[in-house]
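In what follows, a single structure is set out as structure tokens and then discussed.
Convention: sequence-line order gives letters A, B, ...; per-chain numbering from 1.
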Amino acid sequence: MLELREVTAGYDRRVPVVRNATLTVAPGEAVGLLGPSGCGKSTLARVAALLHRPDSGNVVLDGAPVHRYRHRAPRAQRTAIGVVFQQPRLSADPRLRLTDLIAEPLRATGRRSSVPERVAELADTVGLTPDLLTRRPHEVSDGQLQRACLARALVLRPRWLVCDEMTAMLDASTTAALVRVVEDYRTATGAGLLAVGHDRTLLNRWCDRTVHWDTVTPTATEAFV
Amino acid sequence: MADVTAVQAWRSHGATRRSTHTLRLRVSAALIAVTVLAVLLVPPLVRLDQQAVDLAAKLLPPSWAHPFGTDDLGRDLLLRCVYGLRVSLLVGVVAAFTATLIGTAVGATAGALGGWADRTVMRLVDTLSSVPHLLLGIFVVAMFRPGVWPVVISVALTHWLSTARIVRAEVLSLRSRPHIDAAVSGGASRWRVTVRHLLPGVLPQAGLAAVLMVPHAMWHESALSFLGLGLPTHTASLGTLIQGARGSLLAGQWWPTLFPGLFLIIPTLAVAGLAGVWRERINPRRRSELML
């Protein structure tokens with residue numbers, strides 16, 4: 001289970017962006033989180049990916065409560081969650097070729113020997129041709145770069161995936177291709193998915209269950225009224 | 001139609017800008033090349049003694065035999081200037097790069113750790129910068145016997161502060177980007193994130209700071225030597241040359257002051273010109289503007 005319990009988070013303690021959000025993703029389940037722009041979805045996604053420490057509330061990952069976030073989180077917990085962000089341009093280190101981009105988590109966790117094999121396998125899965133792999137981020141399109149970012153998220157075989165508006169910048173065919181890659185991965189491994197987005201049609205078709213932001217943060221609406 | 005002319009105007013404006021850049025780049029690079037070649041080649045190739053005293057030829061104005069004239073001990077000033085520039089450049093380059101190394105290490109540590117470590121380190125930097133750095137430099141120099149290395153240490157130890165600030169600011173801005181989040185999520189340790197993802201991003205800025213520091217460090221060496229605290233008087237450096245020439249300037253002999261002064265100013269201008277071009281190149285905002 002990936003559980004978010006009454007999470008309050010933000011960038012200034014006095015003005016939390018997310019108030020009392022509660023959300024549960026069961027293993028193998030795909031949950032879509034719908035919400036308007038600027039409501040705090042991405043912040044919640046960052047908390048779920050252990051990248052942002054909540055001001056209060058907690059995250060429970062596979063039954064183990066998470067006490068530390070970002071670098072302080074145990075590596076096994078951090079790498080159990082694969083993250084794909086909205087903007088591929090910003091989420092790719094501009095200095096790395098796509099091969100190194102995809103291989104970076106393997107190198108960071110000391111699995112250098114499996115780099116050629118895993119990169120080739122994933123490039124094939126996400127549909128990147130070998131000549132694209134030698135290019136740097138500014139030499140490929142947004143769609144191609146997002147494919148590489150998805151490959152990077154899958155390279156450590158995470159048990160959970162957090163896709164924060166993964167397809168918002170992409171055209172329909174790339175969206176369909178990337179969603180299929182995620183679904184194939186989930187069928188093969190039984191990974192759970194938290195897909196954040198604002199596209200109701202997409203999330204309804206993609207996910208087993210779609211929840212709206214207002215039901216995730218019941219007190220938030222009162223606070224705004 | 002108006003749009004077309006506007007675009008053409010913008011293009012030709014861009015072209016002029018680029019050509020002045022190229023000119024500036026070439027002139028600066030040529031001046032630096034001449035300086036470096038003179039400093040490296042003249043001492044081994046020209047077998048004249050820069051310390052050779054000839055009291056019969058003292059304080060001669062510039063002539064064909066002595067293009068820069070001679071000083072009050074009859075030593076050839078051109079030769080003295082080249083040897084002086086050699087020492088000053090050595091001090092400048094070594095001190096500037098040491099300072100940049102310290103500054104980058106401190107700034108990157110503060111920026112990458114964040115929190116209380118960042119606050120403590122940066123307050124320390126603020127405190128140190130509140131003391132005039134020439135004063136601090138004099139204090140450091142005074143602890144050693146006169147020589148080249150105390151000057152290098154003194155300049156290096158007092159000039160890393162601005163680099164630390166620049167590097168920290170860069171690291172802070174890089175740290176909040178999603179690609180760092182992605183690296184953390186991929187299991188990268190703090191060290192790996194700093195060394196592989198943050199430092200390569202700040203290196204162009206740090207390099208620029210280092211290059212701009214070279215002339216600054218040369219000026220500091222000259223200032224310390226001029227005050228009689230830096231290099232011993234018999235060692236030719238631009239500072240000691242200017243200091244030694246002070247008396248004769250009042251007597252109307254301008255050449256012993258002018259030429260070492262020019263040797264100090266010309267490399268400074270050349271480095272500043274080169275750094276300007278470099279800054280335009282690494283400025284991502286300017287680059288993205290050009291891509292539009």
Side-chain angles (χ1 to χ4, degrees), chain A residues 11 42-43 45-53 69-96 100-111 137-138 145 148-156 158 160-162 164-165, chain B residues 104 108-119 121 167-208 278 280-292:
Chain A
Y11 305 91
S42 294
T43 306
R46 277 165 54 87
V47 174
L50 314 187
L51 290 171
H52 187 85
R53 195 158 67 90
Y69 293 81
R70 275 188 90 82
H71 294 289
R72 294 198 180 86
R75 189 177 266 172
Q77 275 189 340
R78 260 191 279 162
T79 54
I81 306 171
V83 206
V84 187
F85 297 100
Q86 176 174 8
Q87 291 169 307
R89 268 316 133 209
L90 298 180
S91 49
D93 189 330
R95 272 163 220 88
L96 299 183
D100 300 317
L101 186 78
I102 299 172
E104 176 61 17
L106 290 172
R107 296 204 174 112
T109 51
R111 281 170 247 186
H138 69 275
L145 195 53
C149 289
L150 178 58
R152 172 180 62 186
L154 297 180
V155 77
L156 294 176
W160 305 93
L161 273 173
V162 175
D164 178 13
E165 297 261 24
Chain B
T104 307
T109 311
L113 289 179
W116 63 267
D118 179 31
R119 282 194 293 274
V121 170
V167 167
R168 170 186 171 264
E170 275 300 298
V171 164
L172 281 186
S173 92
L174 280 178
R175 209 167 69 124
S176 59
R177 303 221 178 137
H179 78 258
I180 302 299
D181 278 353
V184 174
S185 172
S189 61
R190 206 187 278 276
W191 170 254
R192 189 178 172 86
V193 167
T194 310
V195 172
R196 293 272 308 190
H197 300 285
L198 295 176
L199 273 184
V202 303
L203 278 187
Q205 291 287 345
L208 184 62
W278 186 355
E280 303 249 330
R281 288 234 171 128
I282 64 167
N283 185 347
R285 198 181 50 180
R286 178 67 41 82
R287 204 160 44 190
S288 69
E289 276 168 13
L290 286 177
M291 276 199 301
L292 281 175

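- The heavy-atom pair separating B:Leu174 from B:Ile180 by the smallest distance is O-CG1, 3.3 Å.
- To the nearest 0.5 angstrom, A:Ile81 atom CD1 is 8.0 Å from A:Leu51 atom CG.
- Residue contact with chain B, scored on non-hydrogen atoms closer than 4.5 Å, is absent for A:Pro88.
- When A:Val84, A:Leu90, A:Val83 are compared by the number of non-hydrogen pairs under 4.5 Å with chain B, A:Leu90 comes out ahead.
- What you find for A:Pro158 and A:Gly82 is that their closest heavy atoms are CB-N, 3.4 Å.
- For A:Ala49, no part lies near chain B; criterion is any non-hydrogen pair under 4.5 Å.
- With a 4.5 angstrom heavy-atom cutoff, A:Leu156 touches chain B only via side-chain atoms.
- Between A:Ala48 and A:Val162 the shortest heavy-atom distance is CB-CG2, 4.4 Å.
- Only the side chain of A:Leu96 comes within contact range of chain B, judged by heavy atoms closer than 4.5 Å.
- Residues B:Val167 and B:Ala108 come closest through the heavy atom pair CG1-N, 3.6 Å.
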So between chain B and chain A, what donor-acceptor pairs come in under 3.5 Å?
residue  : atom : partner  : partner atom : Å
B:His179 : N    : A:Leu90  : O            : 3.1
B:Asp181 : OD1  : A:Arg46  : NH1          : 3.4
B:Asp181 : OD1  : A:Arg70  : NH1          : 2.7
B:Asp181 : OD1  : A:Arg70  : NH2          : 3.4
B:Asp181 : OD2  : A:Arg46  : NH1          : 2.1
B:Val184 : O    : A:Arg78  : NH1          : 3.1
B:Ser185 : OG   : A:Ile81  : O            : 3.3
B:Gly187 : O    : A:Arg75  : NE           : 2.7
B:Gly187 : O    : A:Arg75  : NH2          : 3.1
B:Ala188 : O    : A:Arg78  : NH1          : 2.8
B:Arg192 : NE   : A:Glu104 : OE2          : 3.0
B:Arg192 : NH2  : A:Glu104 : OE1          : 3.1
B:Arg192 : NH2  : A:Glu104 : OE2          : 3.3
B:His197 : ND1  : A:Asp93  : OD2          : 2.7
B:His197 : NE2  : A:Glu104 : OE2          : 3.0

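- Considering CG of B:Leu203 and CG of B:Leu198, their distance stands at 11.0 Å, rounded to 0.5 Å.
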